[in-house]
Enquirer: 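Quick one: this structure, given as structure tokens, is what I'll be asking you about.
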Amino acid sequence: MNITVYLGALKGNDKRLESAVKELGEFIGKSKNTLIYGGSKSGLMGLIAESTLNAGGKVIGIEPQFFIDEELQYDGLTQLIVTKDMSERKAKMIELGDAFIAFPGGTGTLEEISEVMSKVSLKQLNAPCILYNLNGYYNNLKDLLNNMIEMGLSTKERQKGIYFADSLEQIKDILKMQA
């Protein structure tokens with residue numbers, strides 16, 4: 001399975017993020033799945049690539065040319081795909097993914113997972129969209145999605161396939177349902 005993970009090029013200021021992202025990468029590698037991610041060596045992105053590779057997994061990085069020009073790519077990936085821009089990068093990450101996980105991240109992570117959420121809710125993508133709600137990180141987004149339903153602007157049926165997982169064990173359970 002190709003697991004696309006969206007996450008930040010910064011490490012954040014909570015050390016629990018580092019250990020959790022390493023655990024996620026180890027799981028992907030040891031389970032013989034392939035990590036699809038943004039290709040950077042920086043922050044949490046670099047940590048998930050390193051931990052997946054160290055666990056024997058394959059890692060495909062997808063990075064726009066302007067990041068390559070700044071030498072931000074992770075060297076030693078199984079494969080590095082260079083795109084012309086961020087739009088092409090997002091499309092390629094979706095095209096290659098069989099499951100999608102948003103680890104806690106910044107605005108780029110939110111933008112990328114929002115597109116996946118939209119495609120899942122419009123039934124244009126039949127894959128799990130998992131928000132890794134580590135330490136309640138995505139609670140406000142969960143509340144917003146529930147509010148959309150309460151306001152009649154979305155439905156439970158439309159949001160089917162969008163999951164909030166509080167732990168790696170919950171992520172594993174969701175992925176098992178898809179296998």
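Just so you know, these numbers come straight off a predicted model, no measurement behind them. Sequential numbering from 1 along the given sequence is applied to the chain's residues.
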Enquirer: Within the 4.5 Å heavy-atom criterion, are D173 and K176 side-chain neighbours or not?
Expert: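 Side-chain contact under 4.5 Å: yes.
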Enquirer: Could you state whether F100 and M1 fall into the same hydrophobic cluster, counting links through intermediate Ile, Leu, Val, Met, Phe, Trp or Tyr residues with side-chain heavy atoms under 4.5 angstrom apart?
Expert: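 No, F100 does not connect to M1 through the hydrophobic network.
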Enquirer: To check you understand the geometry: which heavy-atom pair defines the closest contact between C129 and V120, and what is its length?
Expert: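 Closest approach of C129 to V120, heavy atoms only: CB-CG2, 4.1 Å.
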Enquirer: Look at the side-chain heavy atoms of Ile, Leu, Val, Met, Phe, Trp and Tyr, link any pair under 4.5 Å apart, and say whether I171 and M117 land in one connected group.
Expert: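 No.
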Enquirer: What's the spacing between K58 NZ and Q79 CD if we round to 0.5 Å?
Expert: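 Between atom NZ of K58 and atom CD of Q79 there are 10.0 Å.
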Enquirer: Do N147 and E150 have side-chain heavy atoms sitting under 4.5 Å apart?
Expert: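 They are in contact (side-chain heavy atoms under 4.5 Å apart), so the answer is yes.
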Enquirer: Can you tell if the side chain of E88 reaches within under 4.5 Å of the side chain of P64, non-hydrogen atoms only?
Expert: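 SC-SC contact between E88 and P64 ruled out.
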Enquirer: Determine the sole option in T34, L80, L35 for which the side-chain contact (heavy atoms from CB on, under 4.5 Å) test with V59 is passed.
Expert: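 Option passing the side-chain contact (heavy atoms from CB on, under 4.5 Å) with V59: L35.
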Enquirer: Can a donor-acceptor pair be found, under 3.5 Å and without considering hydrogens, that links the side chain of Y6 to the backbone of G38?
Expert: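 Judged by distance alone, no pair lies under 3.5 Å.
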Enquirer: Verify, without hydrogens or angle tests, whether Y137 (side chain) and L131 (backbone) share a donor-acceptor contact under 3.5 angstrom.
Expert: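 Checking the backbone N and O of L131 against the side chain of Y137, no donor-acceptor pair under 3.5 Å is found.
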Enquirer: When K22 is tested against each of L47, T52, I48 for side-chain contact (heavy atoms from CB on, under 4.5 Å), which residue passes?
Expert: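 Testing each of L47, T52, I48 against K22, the sole residue satisfying side-chain contact (heavy atoms from CB on, under 4.5 Å) is L47.
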Enquirer: At what distance, to the nearest 0.5 angstrom, does CD1 of I3 lie from CD1 of I130?
Expert: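 Rounded to the nearest 0.5 Å, the CD1-CD1 separation comes to 8.0 Å.
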Enquirer: Check whether any side-chain N or O of S118 sits under 3.5 Å from a backbone N or O of S114 as a donor-acceptor pair, and report yes or no.
Expert: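 A pair under 3.5 Å: no.
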Enquirer: Looking at every non-hydrogen atom in both residues, tell me the closest pair between A99 and L175 and how far apart they are.
Expert: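 Shortest heavy-atom contact: CB-CD2, 3.5 Å.
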Enquirer: Do N54 side-chain atoms and E26 backbone N/O form a donor-acceptor pair below 3.5 Å?
Expert: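 Side chain of N54 to backbone of E26: no pair is present.
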Enquirer: For the backbone of N2 and the side chain of D98, can you confirm whether one donor and one acceptor N or O come within less than 3.5 Å of each other?
Expert: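 Such a contact is found between D98 side chain and N2 backbone.
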Enquirer: Other residues, nucleotides and ligands only: do more than 12 of their heavy atoms fall within 6.0 Å of CG on N126?
Expert: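 Count not over threshold, so no.
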Enquirer: Return the CD1 to CG distance between I101 and L7, rounded to the nearest 0.5 Å.
Expert: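 These two atoms lie 10.0 Å from each other.
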Enquirer: When you measure from the side chain of E23 to the backbone of L168, do you find a donor-acceptor pair of N or O atoms at a distance under 3.5 Å?
Expert: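 No, because the side chain of E23 does not come within donor-acceptor range (under 3.5 Å) of the backbone of L168.
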Enquirer: Is the shortest side-chain heavy-atom distance between P128 and Y163 below 4.5 Å?
Expert: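 The answer is yes, as the side chains (C-beta and beyond) meet within the 4.5 Å cut-off.
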Enquirer: Of all heavy-atom pairs between T109 and A102, which one has the smallest distance, and what is that distance?
Expert: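 Scanning both residues completely, I find the closest heavy atoms to be CG2-CB, 4.3 Å.
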Enquirer: Could you tell me the separation between the CG atom of D75 and the CG atom of L77, rounded to the nearest 0.5 Å?
Expert: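 It comes to 7.5 Å.
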Enquirer: Grouping I, L, V, M, F, W and Y whenever their side-chain heavy atoms are under 4.5 Å apart, do I174 and I162 come out in a common cluster?
Expert: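 Different clusters.
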Enquirer: Are L134 and V5 connected in a single hydrophobic cluster, I mean Ile/Leu/Val/Met/Phe/Trp/Tyr linked by side-chain heavy atoms less than 4.5 Å apart?
Expert: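 They do share one cluster, since a chain of ILVMFWY contacts under 4.5 Å joins V5 to L134.
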Enquirer: Answer yes or no: does atom NZ of K160 have more than 12 heavy-atom neighbours from other residues, nucleotides or ligands under 6.0 Å?
Expert: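 Counting neighbours around NZ of K160, 12 or fewer heavy atoms of other residues, nucleotides or ligands fall under 6.0 Å, so no.
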Enquirer: Taking T4 for the side chain and M93 for the main chain, is one N or O donor matched with an acceptor at less than 3.5 Å?
Expert: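 Checked: pair present.
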Enquirer: Restricting to non-hydrogen atoms, name the atom on R158 and the atom on K123 that form the minimum distance, rounded to 0.1 Å.
Expert: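 Minimum heavy-atom contact is O-NZ, 4.0 Å.
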Enquirer: Where the side chain of R89 meets the backbone of I62, is there a donor-acceptor pair that is under 3.5 Å apart?
Expert: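 Here the side-chain-to-backbone pair exists.
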Enquirer: To the nearest 0.5 Å, tell me how far R16 CZ sits from N135 CG.
Expert: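 Here the interatomic distance stands at 4.0 Å.
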Enquirer: Under 4.0 Å between a side-chain nitrogen and a carboxylate oxygen: does that hold for E18 and K15?
Expert: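 Yes, E18 and K15 are salt-bridged.
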Enquirer: Please give me the minimum heavy-atom distance between Q170 and D166, naming the atom from each residue.
Expert: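 Closest pair (atom of Q170, atom of D166, distance): OE1-N, 2.6 Å.
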Enquirer: Give, for atom CE of M148 and atom CG of D143, the distance between the pair rounded to the nearest 0.5 Å.
Expert: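 The CG atom of D143 is 11.5 Å from CE of M148, to the nearest 0.5 Å.
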Enquirer: Given I149 and K156, is the side-chain contact (heavy atoms from CB on, under 4.5 Å) satisfied, shown in steps?
Expert: CA-CA 7 Å; I149 293 169; K156 287 184 181 182; 3.9 Å; yes
Enquirer: If we only count heavy atoms from C-beta on, is the L96 to I81 side-chain gap below 4.5 Å?
Expert: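 Yes, side chains in contact.
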Enquirer: Let me know which of Y132, Y37, Y138 forms a ring-ring contact (aromatic ring centres under 6.0 Å, His included) with F103.
Expert: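 For F103, the ring-ring contact (aromatic ring centres under 6.0 Å, His included) test succeeds with only one of Y132, Y37, Y138, which is Y132.
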Enquirer: Hydrophobic clusters here meaning ILVMFWY residues chained together by side-chain heavy-atom distances under 4.5 Å, can you tell me if I28 and I60 are in one?
Expert: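 No; I60 is not reachable from I28 via cluster members.
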